Amino acid sequence: MIIGNYESWGRYPKYSPFDVYYVYWRNEIPDLSKFTKKILPYAWGKSYGDSCLNDNGILIDTKGLNKFILFDEEKGLFRCEAGVTLATILDFAVPRGWFLSVTPGTKFISVAGAVANDVHGKNHHKSGTFGCHVTKFELMRSSGERLICSPEENSELFRATIGGLGLTGLIIWVELKLKPCPSAFFAMESEKFYNLDEFFEINDESEKNFDYTVSWVDCTASDGSLGRGIYNRGNHAHPDEYDLPELPKQKLKNFPLDAAFINQLTVSLFNILYFNKQFNKTEKKLIHYDPFFYPLDAILHWNKAYGKKGFLQYQFVVPFGNEKEAVKEILNEVSKSGKSSFLTVLKTFGDIKSPGMLSFPRPGVTMAIDFRMGGDRTLKFLERLDGIVCNADGVIYPAKDARMSAEDFQNFYPQWTEFEKYIDPAFSSSFWRRVTKRIHNE
Amino acid sequence: MKKIMIFGAASAIAQETAKLFARDGEHLFLVDMNISRLEAVRDDILARFKTKIDLYEANALDFDKHQELFEKAIQTLGGLDYVLIAHGTLPDQTKTQENPESIIREFNINCVSVISLASIAANYFEKQNQGCIAVISSVAGDRGRQSNYIYGAAKGGVTTFLQGLRNRVAHSGVSVVTIKPGMVDTPMTAHLPKSPLFAKPNDVGKGIYKAMLSGKDVAYLPGYWRLIMTIIKMIPEGIFKKMKL
Ligand SMILES: NC(=O)c1ccc[n+]([C@@H]2O[C@H](COP(=O)([O-])OP(=O)(O)OC[C@H]3O[C@@H](n4cnc5c(N)ncnc54)[C@H](OP(=O)(O)O)[C@@H]3O)[C@@H](O)[C@H]2O)c1
């Protein structure tokens, strides 16, 4: 019997595993070759599409691998088991003066999931991806081997596992380099921009002076206001420079309903209100890391606001050179379609290279847009966006994807055939089976 | 630095209590039946807090080694202030009821061994006129139900035993804390469907820590289980026996 919910964050597609296997002790991992079906690790299910699903296969639930292993307070080196969440790490590290070197927009993900998706955050232009700060990890293969992987040791498996979508074996523990942080607060500025060109201007100057930048875009705006939004940028707040407030007590709320609360009307209203809630062109404030990085984490299970059919997040990156045209074209399509999204996020990636073989981030502009799953029409619409991304030599982010074609994936990530050599023969995922369908010969 | 022994220290619940004592800088003597698990627990605690931890491998069913275990703990810690007895197993009721041998085994783990350990602790504390014995019993011990009465009866035995023990050692300034958790999301219940009534091990672990510090007699964890069990205990037996609980 399968206890609990093993869906993905977007709740689309709906696939069920054949069985779930729990692990609790890092020295008692079962023989991974004993399973009669393909296996895949699963922790907190925050991947949006099907990269964390294993239709009719076995999921290894790693939430029980929840222990710390060591912390070197001088060097900021931190080692913990695979299922530990970034939230747990922050709770521990911030009061001791350390922060995650890179964090994505939710802290409720496992550290091994962060490695397997080589996640990125608001400081990509300064610090690269999560994988850039992984010093080593232990990987268990179905051969029974337990390998320490680092840039020096088993370096190819190290590179394949970072961004390797959980396919190269079971990550048992991860060691990270944390970064010093002077407080739990950020000095943040929000600046309105009235169109896309303005975004790029603000961005050029902001990226020099701010470690963290990200923008929200009103994707209901069109014509002259196309791409208007709010640019947020910030730096760690130092107690010498700022009068820091008391630590807030975070209260988590559950999304109360499982109902399609997000529709055209609520989304348009939200976008207009959000853009106009800020009166001044620029606003400054001191803000705790929770609302700064994780505004949506305050409402647990916010994904339920999209109803049972779920939603899709479309995240792509297009390289510099083609970026302005491509982003405009996509925003045009979105605003024309009326399929507007709640949270549309725009950010530029810098040129720090990740060790990850299959990693998504690369220099260029990335954008993430949410769409309610409205059946074939939504899927057809996203295929149109794929066309624009392909023409601009962009790529789509596997961790968010539930539907890109095998052909597109293989064009986006031509290194996939090289990567495939490092996949553990006992491992697979719904995503991987979908995007590696043979197109030519065979 | 207080001196604390935890039996069943690899239990998900007990680990959380251990962390809180470690945060306070207390000296811990952790006992469980698998040393590699204990090592993982120790590494976890030491990565978080600077304190002293010693490990000891023992099986609760080795009754004749209980005395030696305490001697070892007292020697290593240089005394003893707190004992938490946390080990346990949750048997499959329908399978176990078919087999008296496994019923006895479950009683030996969940009741007999606990009574033995608690008695040794009480005798020691009584002599030094201070100390605290906390034992994880269960709400399941408050009333026998068809779905879980083997485990429930063992826990019920523990609860009644502790009542008497408390009465005896209260005069010597020793506290006996009966912990009655409701359902907790731990490896022990991994195979059970989860309802909103399931508590998290860290909340229960924290409740145990607080109850031990305050020397509370009985702690239902979370607290609302006191009300639930009061109601369940009030149902007349004639009606109760017809219910499917
Ligand atoms: N989870 C619940 O819903 C719940 C509810 C009420 C009461 N409780 C009680 O809470 C306590 C802790 O349970 P838990 O939920 O934290 O489960 P758990 O993580 O499974 O812990 C049980 C521990 O007891 C140890 N143990 C079992 N048999 C033993 C033996 N013969 N000798 C020595 N150690 C032995 C186990 O050792 P290994 O790790 O080596 O197997 C394990 O560390 C138990 O007394 C349980 O009955 C639990």
Side-chain angles (χ1 to χ4, degrees), chain A residues 1-6 19-30 59-85 87-96 98 111 138 146 172-176 178 252 254 256 300-301, chain B residues 8-20 22-23 28 30 32-51 53 55 57 87-90 92 94-95 183-198 200-206:
Chain A
M1 187 164 51
I2 296 166
I3 305 300
N5 209 340
Y6 289 88
D19 204 358
V20 178
Y21 195 93
Y22 301 88
V23 288
Y24 294 104
W25 301 96
R26 64 175 176 271
N27 289 327
E28 299 171 36
I29 307 293
L59 291 177
I60 309 234
D61 187 328
T62 59
K63 285 195 279 288
L65 291 178
N66 59 3
K67 291 186 181 52
F68 291 7
I69 300 175
L70 64 86
F71 176 55
D72 181 333
E73 190 151 10
E74 312 275 86
K75 298 201 186 97
L77 264 187
F78 177 81
R79 188 188 293 182
C80 66
E81 290 178 354
V84 171
T85 64
T88 305
I89 299 177
L90 289 171
D91 282 347
F92 170 76
V94 175
R96 291 166 174 80
W98 294 94
V111 67
E138 186 181 23
R146 298 179 71 134
I172 307 290
W173 54 256
V174 179
E175 186 181 277
L176 303 172
L178 303 177
L252 299 175
N254 255 304
L300 296 170
H301 309 298
Chain B
S11 118
I13 296 172
Q15 282 177 50
E16 298 299 328
T17 309
K19 276 183 215 168
L20 294 168
R23 189 192 59 186
L28 301 174
L30 305 181
D32 210 295
M33 59 179 175
N34 178 328
I35 194 75
S36 107
R37 292 186 179 189
L38 280 174
E39 282 163 357
V41 171
R42 176 196 57 199
D43 293 351
D44 181 41
I45 298 176
L46 289 182
R48 297 167 195 261
F49 308 108
K50 289 192 178 48
T51 191
I53 301 180
L55 307 180
E57 200 175 43
H87 69 286
T89 48
L90 180 63
D92 179 320
T94 42
K95 272 192 206 140
M183 289 170 298
V184 193
D185 191 354
T186 71
M188 187 179 270
T189 54
H191 59 290
L192 301 176
K194 301 293 173 300
S195 73
L197 277 180
F198 271 81
K200 293 212 184 75
N202 61 333
D203 291 330
V204 175
K206 194 174 186 179

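Lettering follows sequence order; numbering is per chain, from 1. Below, all heavy atoms of this structure are taken into account, side chains as well, without hydrogens, waters or symmetry copies. Keep in mind it's a predicted model, so treat the numbers as computed, not measured.
The contact list for residues 62-69 of chain A toward chain B, using heavy atoms and a distance under 4.5 Å, reads N66(A), K67(A), F68(A), I69(A) by residue number. Listed in order of number, the residues of residues 39-47 of chain B that approach chain A to under 4.5 Å between heavy atoms are A40(B), V41(B), D43(B), D44(B), A47(B).
Looking only at side-chain heavy atoms (C-beta outward), N34(B) and E28(A) come within less than 4.5 Å of each other. Side-chain contact between F71(A) and R48(B): absent, with no pair of heavy atoms (C-beta onward) separated by less than 4.5 Å.
Heavy atoms of other residues, nucleotides or ligands lying less than 6.0 angstrom from NZ of K194(B) number more than 12.
With rounding to the nearest 0.5 Å, the separation of CD1 in I3(A) from NE2 in H191(B) is 8.5 Å.
Looking at A10(B), the atoms closer than 4.5 Å to chain A (heavy atoms on both sides) sit in the backbone and in the side chain alike. Proximity to chain A (any heavy atom under 4.5 Å) is shown, for K19(B), by neither the backbone nor the side chain. Using a 4.5 Å cut-off between heavy atoms, R79(A) does not touch chain B at all.
Each of Y22(A), W25(A), Y24(A) has some count of heavy-atom pairs under 4.5 Å with chain B, and the biggest count is that of W25(A).
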